[in-house]
Amino acid sequence: VQRFSVATSQTNRVPLTLGFDVPSLGFPSSITKGMRMLQFPSLTLGGYSALSNSPYYTVSIMRTYQYANSLTMLRGAHTLKAGLDYRYYTVDWNVIYPLRISTSGAYTGGPNAKAAAANTGSGLADLLLGAAAVSYQINPHWKNNHPYYGAYFQDEWRVTSRLTLTMGLRYSLELPSIETNNQYVYLDLTSPSPLQVPGYNLKGGLGFVGIDGKGRRVQTPDRNNWEPRLGLAYRMQDMTVLRAGFGVFHHPYISTSIDTSLGFQRTTANLVTEADTVTPLFNLANPFPGGILEPTGNALGLGTLLGQAIRGPIREQRMPYQAQWSVDIERQLPLSIMAGIGYTGTANVALPARIAYNQLHPDQLALGSQLTKPVPNPFYGYITDPSSTLSRPTVQYAQLLRPYPQFTGMDGVTVPSGHSNYHAMELKVERRFAQGLAVLFNYTRSKLIDNVGEINNGQSASFNNTYC
């Protein structure tokens, strides 16, 4: 049997405020220079419902091409099955965000500015004061694709009239994505940084695909994706059946917007406060004195976005997988009643997690208030991005203790570090429909343990302690 299919999904979203004159809100006319599209800003005030959360411009086209064939042969007591599965995924995505303005109420709370009492402060008062966070993000036009290859073989063997064994093996290979214009990055955690600052041996940054002999895929592929399957059905007595099974299943490849290059994607943000985090700079009237910052592409290499928070996948791919096993016994009882009891277990390995590689070591937290104390900034004059706290003469002491102090944050996304396991006892009693009556009763007693949260909008939860 051969089958070919194509599935297409397209989203077109155009904001009603398209073409809005942003300077009419009191911003300088220069703020529009560098904006990819004019639309009413997104305005979020702490303690209030969103006053403006207009949809942003989006055009997204996703296609899946699939070819699959299968073959079934009967040979005596054996039923043999084999097949191939090929898929090709493409995404064409163009998204343009509006100017974003947000306040929290932190700068009008009190009486202690560093530990404001509950229910004090107002997001609207912060806005009127001019203490608001303003940002604008430039995204590239993404066009990415990746393939999937699968092949399987299965033998269903009727050993005796009472025993049937099912044995199979599947191989899956889902390669990481390629972006048409090589606009992908990964986290490089070990290479020496081009930034040389006395007293620091700096390393790490954003690595770019498609240059310096590196492949075009965002990660080096994981090719060890074998999936054995084993099943058993045994008729113990005429009215009793035992079933058991085991299998390994790999999860689909997770590709998110976080994969995209932070060199081709850039956010310009104002500095709301001094290094002490409580003294407002009152720069809402002109949040971007230097204008909206243009993406630098891959020209700066590991020096890209110095002084900012960066993120991306690690270079080595490891596909998450699940091992699942079960055993159950069913017994046919009088009055057309069937009763069964069973056990099911699963273990998920290499689940995607968000890892904060720039986190302070727990031992350093004993320094307490010293961590927030402003100290002379050794990166002053080296990092000149005006939207970075590391471009100021002083910086919090905690920043200088981080593993990668030239960045305010360094997060790995979809890092294969999570694990979960599930165990369940299942009871079932069923009376098939007869004489106008059917009964079904199910009871499950289960336990689930994991160390990583569920995927949300393409991103996974973070570990609270990266060092554990």
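All residue numbers refer to positions in the sequence shown, counting from 1.
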Just checking, is any N or O donor in the side chain of [X] or [Y] under 3.5 Å from an acceptor N or O on the other one?
{"X": "His141", "Y": "Asn181", "value": "no"}
{"X": "Asn442", "Y": "Glu426", "value": "no"}
{"X": "Gln237", "Y": "Arg331", "value": "yes"}
{"X": "Asn348", "Y": "Ser420", "value": "yes"}
{"X": "Asn145", "Y": "Tyr88", "value": "yes"}
{"X": "Glu179", "Y": "Asn144", "value": "no"}
{"X": "Thr220", "Y": "Glu316", "value": "yes"}
{"X": "Gln2", "Y": "Ser70", "value": "no"}
{"X": "Glu227", "Y": "Asn225", "value": "no"}
{"X": "Tyr148", "Y": "Ser172", "value": "yes"}

I'd like to know if the side chain of [X] reaches the main chain of [Y], judged simply by a donor and an acceptor atom lying under 3.5 Å from each other, with no hydrogens or angles considered.
{"X": "Arg87", "Y": "Glu174", "result": "no"}
{"X": "Thr304", "Y": "Gly301", "result": "yes"}
{"X": "Gln370", "Y": "Ala398", "result": "no"}
{"X": "Thr103", "Y": "Gly123", "result": "yes"}
{"X": "Asp126", "Y": "Gly105", "result": "yes"}
{"X": "Thr17", "Y": "Phe40", "result": "yes"}
{"X": "Arg229", "Y": "Val248", "result": "yes"}
{"X": "Gln10", "Y": "Ser60", "result": "no"}
{"X": "Asn358", "Y": "Phe407", "result": "yes"}
{"X": "Gln399", "Y": "Pro405", "result": "yes"}

(message) Strictly below 4.0 Å, N to O, side chains only: are Arg318 and Asp222 in salt-bridge contact?
(response) no
(message) Regarding Asp188 and Lys214, does a basic nitrogen lie under 4.0 Å from an acidic carboxylate oxygen?
(response) no
How close do [X] and [Y] get, counting heavy atoms only, and between which atoms?
{"X": "Gln406", "Y": "Gly204", "answer": "NE2-O, 3.7 Å"}
{"X": "Ser326", "Y": "Thr344", "answer": "CB-OG1, 3.9 Å"}
{"X": "Pro192", "Y": "Leu302", "answer": "O-CD1, 3.4 Å"}

Side chains of residues 427-434: which donor-acceptor partners sit under 3.5 Å, not counting sequence neighbours?
{"from": "Arg431", "atom 1": "NE", "to": "Leu335", "atom 2": "O", "distance (Å)": "3.4"}
{"from": "Arg431", "atom 1": "NH1", "to": "Ala434", "atom 2": "O", "distance (Å)": "3.0"}
{"from": "Arg431", "atom 1": "NH1", "to": "Leu437", "atom 2": "O", "distance (Å)": "2.8"}

Partner residues of [X] under the side-chain contact (heavy atoms from CB on, under 4.5 Å) criterion, sequence neighbours left out:
{"X": "Pro221", "value": "Leu175, Pro176, Arg223, Gln317"}
{"X": "Asn182", "value": "Val209, Arg216"}
{"X": "Gln364", "value": "Leu360, His361, Leu401"}
{"X": "Trp157", "value": "Ala77, His78, Asp155, Val159, Leu165, Met167"}

Would a 4.5 Å heavy-atom cut-off, applied to side chains only, mark [X] and [Y] as touching?
{"X": "Ile138", "Y": "Tyr97", "value": "no"}
{"X": "Thr58", "Y": "Tyr56", "value": "yes"}
{"X": "Trp325", "Y": "Tyr343", "value": "yes"}
{"X": "Asn421", "Y": "Lys447", "value": "no"}

What distance do [X] atom [atom1] and [Y] atom [atom2] have between them, rounded to the nearest 0.5 Å?
{"X": "Tyr357", "Y": "Asp411", "atom1": "OH", "atom2": "CG", "value": "9.5 Å"}
{"X": "Thr180", "Y": "Lys143", "atom1": "OG1", "atom2": "NZ", "value": "6.5 Å"}
{"X": "Ile355", "Y": "Met410", "atom1": "CD1", "atom2": "CE", "value": "14.0 Å"}
{"X": "Thr346", "Y": "His423", "atom1": "OG1", "atom2": "NE2", "value": "7.5 Å"}
{"X": "Leu305", "Y": "Arg266", "atom1": "CG", "atom2": "CZ", "value": "6.0 Å"}
{"X": "Leu202", "Y": "Tyr404", "atom1": "CG", "atom2": "OH", "value": "11.0 Å"}

(request) Start with the C-alpha distance between Asp85 and Arg3, add both sets of side-chain angles, then the distance that settles salt bridge (Lys or Arg N to Asp or Glu O under 4.0 Å), and finish with yes or no. (result) CA-CA 10 Å; Asp85 187 3; Arg3 184 179 72 252; over 6 Å; no
(request) Report the C-alpha separation of Arg217 and Ser177 in whole Å, then their side-chain angles, then the decisive distance to 0.1 Å, and conclude whether the side chain to side chain contact (heavy atoms under 4.5 Å, CB included) test is met. (result) CA-CA 6 Å; Arg217 299 195 182 277; Ser177 293; over 6 Å; no
(request) Take atom OH of Tyr397 as the centre, draw a 6.0 Å sphere, and report whether it contains more than 12 heavy atoms from other residues, nucleotides or ligands. (result) no
(message) Does atom CZ (Arg63) have a neighbourhood of more than 12 heavy atoms from anything else shown, all under 6.0 Å?
(response) no
(request) Measure from NZ or CZ of Arg445 to the centre of the six-membered ring of Tyr443 and say whether it is under 6.0 Å with the direction within 45° of the ring axis. (result) no
(message) Ring of Tyr136, cation from Arg100 - is the NZ or CZ under 6.0 Å from the centre and inside 45° of the axis?
(response) no
(request) Apply side chain to side chain contact (heavy atoms under 4.5 Å, CB included) to the pair Met37 and Leu18, showing each step before the final yes or no. (result) CA-CA 8 Å; Met37 181 178 292; Leu18 186 64; 3.1 Å; yes
(message) Quick one, Ser387 with Leu293, criterion side chain to side chain contact (heavy atoms under 4.5 Å, CB included). Give me CA distance, side-chain angles, the key distance, then yes/no.
(response) CA-CA 9 Å; Ser387 65; Leu293 303 176; 4.0 Å; yes
(request) Determine, stepwise, if the pair Thr164 / Glu156 fulfils side chain to side chain contact (heavy atoms under 4.5 Å, CB included). (result) CA-CA 7 Å; Thr164 300; Glu156 184 177 314; 4.0 Å; yes
(request) Applying ring-ring contact (aromatic ring centres under 6.0 Å, His included), name anything that partners His146, two or more places apart in sequence or on another chain. (result) Tyr89, Tyr253
(message) Would you say the rings of Tyr67 and Phe4 are close, in the sense that their centroids are separated by under 6.0 Å?
(response) no
